[in-house]
Chemist: 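Dropping a structure here in C-alpha cells format, bear with me for questions.
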Amino acid sequence: MLSGFSPNELSSYLTIGAILFTLGLFTVLTRRNAISVLMGVELILNGANINYVAFSHFGSGNADGQIYAIFVIMLAAAEAAVGLAIVLAIFQIFHTIDVEAVETLRE
Amino acid sequence: MDLSTAVFYLVAIITVGSALMVAFSRNIIYSAFSLLGTFAGIAGIYVFLGADFVAGVQLLIYVGGILVLILFAVMLTHRITDVQITNRAAGRIPALIITGVFIYLLIQTIRETSWVKVKEVVFQPTTAKIGDLFLDSYLLPFELASLVLLAALIGAVVISRKEIKE
Amino acid sequence: MDNPIQTDYLRWIVFLPLIGAIINGLLGAKIQKSMGKGAISFIACAPVVIAFGLSLVALFTLKGLNPESRFLIDRLYTWISLGSLQVDMAFAVDPLSTVMILVVTGIGGLIHIYATGYMHDDKAFWRFFAYLNLFTAAMLTLVLGDSLLLMFVGWEGVGLCSYALIGFWYQDHNNARAGNKAFIVNRVGDFGFVLGMFLLFWSLDAQGHGTLTFREIAKWASTLQGQTIWGLPVVMVATLFLFVGATGKSAQIPLHVWLPDAMAGPTPVSALIHAATMVTAGVYMIARLGFLFAMAPETLHVVAVIAAATALFAATIAITQNDIKKVLAYSTVSQLGYMFLAVGVGAYAQGVFHLVTHAFFKACLFLGAGSVIHAMGGEQDMTKMGGLRKHLPRTFITYLLATLALTGFPGTAGFFSKDGILEEAYARGGMGLWLAGLCGAGLTAFYMWRQVFMTFFGECRADEHTKHHLHESPPVMTWPLVILALGAFPVGILGLPAFLGHHRFVEWLEPVFGHGHGEAAHLSHETALLLTVISVVVALAGLGLAYLMYYRQTLSPERFSALAGGLFYRLSYNKYYVDEIYQAIFVNGTLLLARIGALFDQYVVDGIVNGSASLTRFIAWLNGLFDAYVIDGIVNAVGNITFWVGNRVRRVQTGNINSYLYGILIAVVVAIIVKLRYWS
C-alpha cells in the first residue's frame, strides 16, 4: 500500500479519504455519546470532502470540486449547529446524552 | 524522499492518527481535541491538493466554528463526576466487521479503478476562480445555501431555548 | 248348439233384481221413511217375481225347440278383447241353466216374500232387501253367464253378498266375525277357481284356441288331451283347482267350516243362500264343465271320495247339535255331499236333480225354523222348545212334510233324488261310496226326526214369558212354507226311476250331459229294487230310533252319549274340533307371521334406519371435531403466527439510532458488493 503513496498520486488521497470515512462510520456505529456520534459524522463529511478536492485537482483541473467542498463545509456547519442544539435540548429533557438511553421511539 | 513527500506523510499520519483517536478514545474531551488535529491535517491535505481557499475555509469554519461548538456542547453536557461512563462503546465487534468489510471494499475499488486523470496537474490560486464560479455557475446553490444557513440559525436558536422545559 | 237363437230378454232376468238392489241400496232409507216398508218390499220382490216369469218364458221357448238346438243367447256387448282373450257380456240359457234360474227366481222369490214378514221389525229393512236383490242378481249372473269369467263375476258377487247378509246384524261382533269367516274361507276356494280358470285358458291358448266361453271350451276341450303340466295332465290339474273353488263355495271338506257359523245371519238368508242357491253354485259349475271333468277321471274320483266323506262327516255332527239352525246347516253340508257324490261318479243329472229337490225342502225347513224362532222370540235352542205343534200348526205341518222329503220317505221328492244318487253310487262308484251314502241317509233320518220330536212334540220346556208369546207366524210367512212343502211332492214326479217310468229330469238334461249319463243302465231292475228297499229300511230305522229316544223316551240319549267315555259325543258335538284346529294352524299361524314381521320391522328395519341415523350423527360429530380442531386450528394458527412474527419483527424498532445505522450500513454494503461482483 505504501508503494504508491505519494502526494502526486490520486490514490493516496483517496485512501486517506476512505480511511477517514470508515473511521467516522465506526464512530457513528459504536459510540454511545450523542456528541461523539456528531463527531463521527464530521469525519465522514471530511472524508468525502477530501475526495471531492482530490478529484477536482487530479480529475478535472477546474475548481468545481472545490466549490462542492465549500458547500459541504457550509452545510456541515449548519448541521453541526442544529444537531448540537438538539443534543442540548435532549440533555435538558433526559439529563443524559446516551443514545441508547433515549429510546422513547422504541416500540 | 524529498521534503514535500515527507511532509505529506506527516500530514497524513497526523490526520489518520487523530481520526483514530476520535474513534477509539474513551474520553470525550480527548476525542474532541483529536478532532482538532484531524481538521488541521485535512487542511494540510487541501494545501497539497492546491486548494488554498478551501484549506482556509476548512480551518476557519471547522476548527474555528464547529469544533468550538462541539467543545461547548461537550462542556455543557459533561458530568465532571463520572468521566468513565460518558464514552463507552457499544457493540464494537459487529461494527468492526462491517467497517472492515467496508474499508476493504473501498480500498479495492480505489486500487482497481483506472481513474480518469488530467494530463498535467496545475497548481494555481483558486480564490478568484471560486469567487467567479459562485456568482456565475453556482449562483443558485449559493443563494440557497445562505437560506439554509438562515434556517439552521433560527432552528438552532429555537431548539435550544430553555422553554422546552414545561 | 252351433246356431244359438238370439234373444234380448235374458238380460232382464239379471238386470231386474240388480235395479231393485240399486234403488233400495241408494234410496232405501228415504223410501222406507217416506213410503214405509211396503214400498221397499214391492221394489224388492217384484223384480224377482218378474224374473221368474221370464225364466218360465225361456223354459217354454226351449221346450218348443228340438232337443239338440235348445240354446238361447243374449249378447250385450264385447267386454274384453285382448289378443286371444275374447269375452262378451252375454247370457246363455240351455236346459241346465233353465233349471237353475227357475230354482233361484222361484224359491228365491218365495223367500223374498217370506222375508218381508220375518224382517218387518228390523230398522235396516231396506238394506236387507238391497243385499238380497243384489245376491239374486249375482247368482243369476253366475248361472246365466256364458263364460267362465262371467260366472266368476257372479261367483264373487254371491260371496260378497253372503258376507254382507251373514253379518247383517253387525252390531253383534260374533255376526261380523261369522261373515268374515265365510268370506275368507270362500276366498281360499276362489283362489283355486281362479288358478283353474287361468290354467284352462293358458292350456287352450297353447293349442291356439284360447277362450273362456263355455261353448268354445266344449268345442276345443279335446285338444287338451295329452297336455301335461308339472308332470300331470293339464285337465286333471285344472279341474282339481276348480273343484277346490267348489269346495269353498259349497262347503265341502276341508272348507266347510263357514257354513255352520253362517247361521248367525237372519233365517231367510240361511234359507236362500245357504240352502238353495249359493252353496249349489259349486255343483252347477262342475255340471256345467262336466265334459271337462269327464276327461279327468282322477279328479272325479277325488270329488266322489270327498263328497262321500263330507256327507257322512256332517251327518255325524248333526246328531248332537242343539241349535235348530245348526242341525239344518250340517244337514245342508251333508246333502251337498250327496250332490257332489252324484257328480263325482258321473251322474250329473242326478246330482242336479237332488239339488232341485233339496232346494225345495231345505228352504222350507229353514223358513219353518225361522217361523219357530220368530214365535219363540229369538230362541234357537231346541232343548228349550217342545210341544210347539199346538201353537204353530201350519209351521208344524209344513215342517213335517219337508222332513219326510229330506229323510227320503217313500213317495217324496227327496226319496227319488236321494235314492237315485245311491243307486248311481253303487253302480259306478263301488260299495264303499254307496255304504257311506247309506249310513249318511240313516243318520239324516235320525237327526231330522230328533229335531222334529224335540221341537214340536212333548212338553214345552220354554219359560212362561216365551210361552205367552207363542203364536203362529203371519200369512206372508206361512204361505211360502206351504208352497214349498207342497212342491216337495210333485217335483218328485220329475225324477221317477226306471222301473216306475220316465226319468223326465234326466231326459231334459240329456242335451247337456249326453246320453248314458242317466240311468244306471247296467243295473238290473232287481238290484235297483233291492237297493231302494235297503235305503227305505235304513230311513225308517233312523225314524224309529229317534221316536224311541225322543218321543217315547224309552231309550235314553245319555246312554248313547256316554259311549266310549263320551268321546264320540264330544267329537260330534264339537264338530271334531276342526274349527279349533284351523284356528290354531292357520289363523294363529298367520298372526304369528304378522308378529314376526312386526318384530322384524321394529328391530331389523328400524334398527337399520336408526343405525344409519346414529351413524350420521356420529359422522357429524367427527366433522364437528374436525372443524373445531383442524379448521379452527389452522385459522387460529395463522393468527398466532402473525402475532409471533410481529413480536419478533417489532424488535427492529429499537429506537436506537445505532441499530438503524447498522441497518442502513449493511444495506449499503450489500448493495456495493452486489454492484461490484455481479454487475459489470
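All values reported here derive from a predicted model rather than from experimental measurement. Proteins come first, then strands; the chains are lettered A, B, ... in the order of their sequence lines, and each starts at number 1.
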Chemist: Less than 4.5 Å to any heavy atom of chain A: does that hold for the side chain of B/I103, its backbone, both, or neither?
Modeler: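 Contact with chain A: backbone and side chain both.
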Chemist: Taking all atoms of both residues into account, what is the closest heavy-atom pair of B/F142 and A/F71, and its distance?
Modeler: N-CZ, 3.6 Å
Chemist: Testing the 3.5 Å rule here: is there a donor-acceptor pair between the side chains of A/N46 and B/Q58?
Modeler: yes
Chemist: Counting heavy-atom pairs under 4.5 Å to chain B, which of A/N49, A/N62, A/V87 comes out on top?
Modeler: A/N49
Chemist: I need the residue from B/T113, B/I110, B/L67 with the largest number of non-hydrogen atom pairs under 4.5 Å to chain A.
Modeler: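 The option with the most such pairs is B/I110.
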Chemist: If you take the centroid of each ring, where Trp contributes its six-membered ring, are B/F123 and A/H57 closer together than 6.0 Å?
Modeler: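 Ring centres of B/F123 and A/H57 closer than 6.0 Å.
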Chemist: Who among B/I66, B/V157, B/V57, B/L153 has the most heavy-atom pairs with chain A under 4.5 Å?
Modeler: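 Max contact count across the listed options: B/I66.
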Chemist: Taking side chain as everything from C-beta outward and backbone as N, CA, C, O, which of these in B/L106 sits under 4.5 Å from a heavy atom of chain A? Side chain, backbone, both or neither.
Modeler: side chain
Chemist: Does any heavy atom of chain B fall under 4.5 Å from the side chain of A/L43, the backbone, both, or neither of them?
Modeler: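 For A/L43, side-chain heavy atoms alone lie under 4.5 Å from chain B.
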Chemist: Tell me, for B/F24 versus chain A, whether the close heavy atoms (under 4.5 Å) come from the side chain, the backbone, both or neither.
Modeler: both
Chemist: Under 4.5 Å heavy-atom distance to chain B, tell me which part of A/N8 shows up: side chain, backbone, both or neither.
Modeler: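 Interface part for A/N8: neither.
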Chemist: Which bit of A/A34 comes within less than 4.5 Å of chain B, counting heavy atoms only: side chain, backbone, both or neither?
Modeler: neither
Chemist: Just by distance, with hydrogens left out, do A/R31 and B/S31 show a side-chain donor and acceptor under 3.5 Å apart?
Modeler: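 A/R31 vs B/S31: donor-acceptor pair found between side chains.
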Chemist: Hey, which of A/A77, A/A69, A/G17, A/G40 has the most heavy atom pairs under 4.5 Å with chain B?
Modeler: A/A77
Chemist: Which region of A/L23, side chain (C-beta onward) or backbone (N, CA, C, O), has a non-hydrogen atom less than 4.5 Å from a non-hydrogen atom of chain B, or is it both or neither?
Modeler: both
Chemist: Yes or no on ring pair (Phe, Tyr, Trp, His ring centres under 6.0 Å) for B/Y46 and A/Y13, after CA distance, side-chain angles and deciding distance?
Modeler: CA-CA 10 Å; B/Y46 287 156; A/Y13 295 101; 9.9 Å; no
Chemist: Under a 4.5 Å heavy-atom cut-off, does chain B meet the side chain of A/L20, its backbone, both or neither?
Modeler: side chain
Chemist: Of the listed residues (A/A54, A/G65, A/S60), which shares the most heavy-atom pairs with chain B below a 4.5 Å separation?
Modeler: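 The candidate making the most pairs under 4.5 Å is A/A54.
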Chemist: Sequence neighbours left out, what passes side-chain contact (heavy atoms from CB on, under 4.5 Å) with A/A63? Give chain and number order.
Modeler: A/Q66, B/K129, B/I130, B/L133
Chemist: Against chain B, label A/F58 side chain, backbone, both or neither, depending on which of its atoms sit under 4.5 Å from a heavy atom there.
Modeler: both
Chemist: Contact part of A/Y52 toward chain B, heavy-atom cut-off under 4.5 Å: side chain, backbone, both or neither?
Modeler: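 Neither the backbone nor the side chain of A/Y52 comes within 4.5 Å of chain B.
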Chemist: Taking side chain as everything from C-beta outward and backbone as N, CA, C, O, which of these in A/E79 sits under 4.5 Å from a heavy atom of chain B? Side chain, backbone, both or neither.
Modeler: neither
Chemist: Write down the atom of A/I16, the atom of B/A12, and the distance for their closest heavy-atom approach.
Modeler: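 Scanning both residues, the minimum pair turns out to be CD1-CB, 3.8 Å.
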Chemist: Where do A/L38 and B/I70 land on the side chain to side chain contact (heavy atoms under 4.5 Å, CB included) test, with the steps shown first?
Modeler: CA-CA 9 Å; A/L38 281 169; B/I70 285 173; 5.6 Å; no
Chemist: Relative to chain B, which segment of A/I86 carries a heavy atom at a distance below 4.5 Å: side chain, backbone, both, or neither?
Modeler: both
Chemist: Quick one: of A/L25, A/V28, A/I67, who has the most non-hydrogen atom pairs under 4.5 Å with chain B?
Modeler: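 Result: the option with the highest number of such pairs is A/I67.
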Chemist: Side-chain contact test, heavy atoms from C-beta onward, threshold under 4.5 Å: evaluate it for A/P7 versus B/Y9 and give yes or no.
Modeler: no
Chemist: Any idea which of A/V82, A/L10, A/T22 has the most non-hydrogen atom pairs under 4.5 angstrom with chain B?
Modeler: A/T22
Chemist: Considering non-hydrogen atoms only, spot the tightest contact between A/A81 and B/A156 and give its length.
Modeler: O-CB, 4.1 Å
Chemist: Please name the pair of heavy atoms, one in A/L29 and one in B/A95, separated by the smallest distance, quoted to 0.1 Å.
Modeler: CB-CB, 4.0 Å
Chemist: Less than 4.5 Å to any heavy atom of chain A: does that hold for the side chain of B/L76, its backbone, both, or neither?
Modeler: both
Chemist: For a quick test of reading the model, state the closest non-hydrogen atom pair linking B/F134 to A/I70 and the distance between them.
Modeler: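 Closest pair (atom of B/F134, atom of A/I70, distance): CZ-CG2, 3.7 Å.
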Chemist: A/A18 versus chain B, heavy atoms under 4.5 Å apart: side chain, backbone, both or neither?
Modeler: both
Chemist: Counting only non-hydrogen atoms closer than 4.5 Å, does B/L20 touch chain A with its backbone (N, CA, C, O), its side chain (CB onward), both, or neither?
Modeler: both
Chemist: If you check every heavy atom in residues 33-41 of chain B against those of chain A, which residues fall under 4.5 Å?
Modeler: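 Residues in range: B/L35, B/T38, B/F39.
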Chemist: Only pairs of heavy atoms separated by less than 4.5 Å count here; which of B/A145, B/G65, B/P141 has the most with chain A?
Modeler: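 So the answer, after comparing B/A145, B/G65, B/P141, is B/P141.
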Chemist: Pick from B/W115, B/F72, B/Y62, B/F53: which one has the most heavy-atom pairs with chain A under 4.5 Å?
Modeler: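 Maximum pair count with chain A is reached by B/Y62.
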Chemist: Counting heavy-atom pairs closer than 4.5 Å to chain B, which one of A/L14, A/T27, A/L88, A/L75 comes out on top?
Modeler: A/L14
Chemist: Check B/I42 against A/I50 and note the closest heavy-atom contact, atom names and distance.
Modeler: CG1-CD1, 4.0 Å
Chemist: Can you tell me how far apart CD1 (A/I73) and CD1 (B/I61) are? Round to the nearest 0.5 Å.
Modeler: 6.5 Å
Chemist: Is the B/F102 to A/F26 ring centre distance short of 6.0 Å?
Modeler: no
